[in-house]
Amino acid sequence: MEYSADDVAAASSLQFLSYLSVSLATFWIYDYACSLQEEWTFLLRSRWNKVKCLYIIARHVPFVILSTDLYLYFTPNNDPEKCLMMINIYSCFGFISVACSESIFVLRTYALWNNNKFILIAIVCAAVTLIIASINVAFTTIAVSHVTTSVVPGIRGCYRTSRGIQLSMPFLFLFIFELGLVSLTLICAIQNWRTVNGPLYTVLVKHNIFYYACGLLLAAMNVLMPLLYSQYAIHSVFENLQFYVLAILATRMHLHLWDVGQNLHTRGCDALIIALSDMPLRCSTPVLAPIPDASTA
């Protein structure tokens with residue numbers, strides 16, 4: 001049987017997407033297994049607070065994203081409506097994953113600014129505005145997308161095909177948001193670099209800068225890829241990486257910060273802030289007071 005060039009291209013894209021989803025599933029499960037003991041120690045010993053809830057969601061939502069991905073590319077599906085419904089579910093949990101990862105670092109930035117309410121209100125207002133705009137653009141784009149399936153035997157699944165700047169808009173909004181957060185982190189670090197040199201504070205600043213750098217790079221790639229290439233298979237590489245890398249960085253860095261906080265003996269206050277290390281919020285010393293090293297405490 002002869003197949004057209006479009007049929008071959010669709011089959012190749014689906015095959016690539018299936019390989020990609022299996023690779024990402026393997027990568028995610030391996031990372032989860034490697035940190036399982038440390039993670040259970042944190043979950044059992046730490047107190048319940050907002051960041052712990054965000055951590056649990058950010059850590060486990062990618063399993064739902066992976067399951068949806070695998071279902072899309074390995075299950076025979078010739079119903080466009082059902083395919084679009086699964087893509088909507090995938091996008092919804094993708095938003096939840098990124099929102100939780102970003103929220104952890106919003107609280108970190110808030111802590112760096114000495115719990116400045118003005119900073120928190122500004123960040124929350126910007127976040128809500130960009131989230132509403134992103135959701136509106138993303139789901140509107142999905143609704144008008146075309147569904148592509150394979151007519152080649154042995155190649156299953158479906159994926160959406162759509163073109164235009166709309167594909168890039170949610171990632172452009174994320175890029176703008178993270179650019180604002182990294183600017184706040186750098187401003188705070190420059191203002192306090194001579195007066196604050198505690199190990200917990202240093203870890204906090206380094207984590208923030210590295211996380212935002214990775215997030216900005218991936219968001220920029222997701223903005224550019226739909227403009228440079230029309231194949232969805234190419235876009236999906238960086239789209240998936242955005243979800244998984246941010247979740248891994250947010251959860252791994254929080255585990256490390258918690259571990260550093262547990263190993264430090266501070267003077268006058270139990271820790272930097274309750275949202276970061278499960279410690280009392282009201283302290284006799286300023287939030288940005290230097291934290292002595294454990295070896296000298």
Side-chain angles (χ1 to χ4, degrees), residues 31 34-35 37-39 41-43 45-47 49-52 54-55 58-59 100-120 122-123 127 177-219 245-297:
D31 176 78
C34 288
S35 61
Q37 181 177 357
E38 185 180 3
E39 183 169 339
T41 301
F42 162 71
L43 292 175
R45 293 178 57 189
S46 61
R47 296 192 310 179
N49 57 37
K50 61 177 91 59
V51 173
K52 186 172 181 178
L54 289 171
Y55 174 94
R59 188 58 169 159
C100 290
S101 300
E102 293 294 316
S103 296
I104 292 174
F105 280 85
V106 165
L107 290 173
R108 287 174 171 230
T109 305
Y110 174 55
L112 286 174
W113 281 87
N114 278 333
N115 299 349
N116 189 309
K117 298 296 183 183
F118 177 78
I119 294 291
L120 181 62
I123 293 175
F177 183 66
E178 290 193 332
L179 188 62
L181 290 178
V182 75
S183 299
L184 288 173
T185 299
L186 290 173
I187 291 170
C188 185
I190 292 170
Q191 288 178 344
N192 298 288
W193 71 277
R194 288 186 176 179
T195 58
V196 182
N197 56 6
L200 199 59
Y201 178 85
T202 302
V203 168
L204 192 63
V205 172
K206 288 181 178 179
H207 281 184
N208 276 27
I209 293 174
F210 185 75
Y211 174 88
Y212 293 137
C214 292
L216 286 169
L217 176 62
L218 290 170
V245 170
L246 292 188
I248 288 173
L249 288 177
T251 52
R252 285 279 191 152
M253 287 179 173
H254 185 68
L255 282 179
H256 181 237
L257 184 67
W258 180 81
D259 186 59
V260 171
Q262 292 296 302
N263 293 329
L264 286 175
H265 300 286
T266 58
R267 298 170 184 166
C269 182
D270 286 335
L272 188 65
I273 186 175
I274 188 173
L276 302 176
S277 297
D278 306 308
M279 311 272 182
L281 179 61
R282 299 188 179 277
C283 309
S284 58
T285 56
V287 172
L288 292 180
I291 301 174
D293 196 293
S295 61
T296 61

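Sequence positions, counted from 1, serve as the residue numbers for this chain.
In this view, Thr41 satisfies the side chain to side chain donor-acceptor pair (under 3.5 Å) rule with no residue, not counting sequence neighbours. Judged as a side chain to side chain donor-acceptor pair (under 3.5 Å), and not counting sequence neighbours, the contacts of Asp31 are Arg59, Arg252. Remark: Ala247 engages Trp28, Pro62, Ser97, Ser101 in a side-chain contact (heavy atoms from CB on, under 4.5 Å) (not counting sequence neighbours). Remark: Leu218 pairs with Leu241, Gln242, Val245 by the side-chain contact (heavy atoms from CB on, under 4.5 Å) rule, at least two apart or across chains.
The structure places NZ of Lys117 at 12.5 Å from CD1 of Ile119, a figure rounded to the nearest 0.5 Å. Atom NE2 of His256 sits about 12.0 Å away from atom CG of Leu204, to the nearest 0.5 Å. Note that CD of Glu178 and CG of Asn208 are 11.0 Å apart. Values are rounded to the nearest 0.5 Å. Rounding to the nearest 0.5 angstrom, the gap separating the OH atom in Tyr110 from the CG atom in Asn115 is 4.0 Å. Annotation: the span from His207 atom NE2 to Ile104 atom CD1 amounts to 12.5 Å, rounded to 0.5 Å. Between atom CG of residue Leu107 and atom CG of residue Leu120 there is a gap of 7.5 Å, rounded to the nearest 0.5 Å.
Looking at every heavy atom in both residues, Leu112 comes nearest to Cys188 through O-SG, 3.0 Å. Residue Val51 comes nearest to Asn49 through the heavy atom pair N-OD1, 3.1 Å, listed as atom of the first residue, atom of the second, then distance. Of all heavy-atom pairs between Lys52 and Arg47, the closest is CD-O, 3.3 Å. Here the closest non-hydrogen pair linking Phe210 and Leu249 is CE2-CD2, 3.8 Å.
Partner of Trp113 under the side-chain contact (heavy atoms from CB on, under 4.5 Å) criterion, chosen from Ile187, Ile123, Thr185: Ile187.
For the pair Tyr211/Val182, no side-chain contact is recorded, criterion being any heavy-atom separation below 4.5 Å from C-beta on. Put simply, the side chain of Leu184 does not reach to within 4.5 Å of the side chain of Tyr212, judged on heavy atoms. Under the 4.5 Å side-chain criterion, counting only non-hydrogen atoms from C-beta, Leu181 is in contact with Glu102.
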Show, in sequence, the C-alpha distance, side-chain angles and deciding distance for Val106 and Phe177, and conclude whether the side-chain contact (heavy atoms from CB on, under 4.5 Å) test is met.
CA-CA 10 Å; Val106 165; Phe177 183 66; 3.9 Å; yes

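No donor-acceptor pair under 3.5 Å is formed between the side chain of Tyr55 and the backbone N or O of Leu43. Judged by distance alone, the side chain of Trp258 and the main-chain N or O of Ser46 form no donor-acceptor pair under 3.5 Å.
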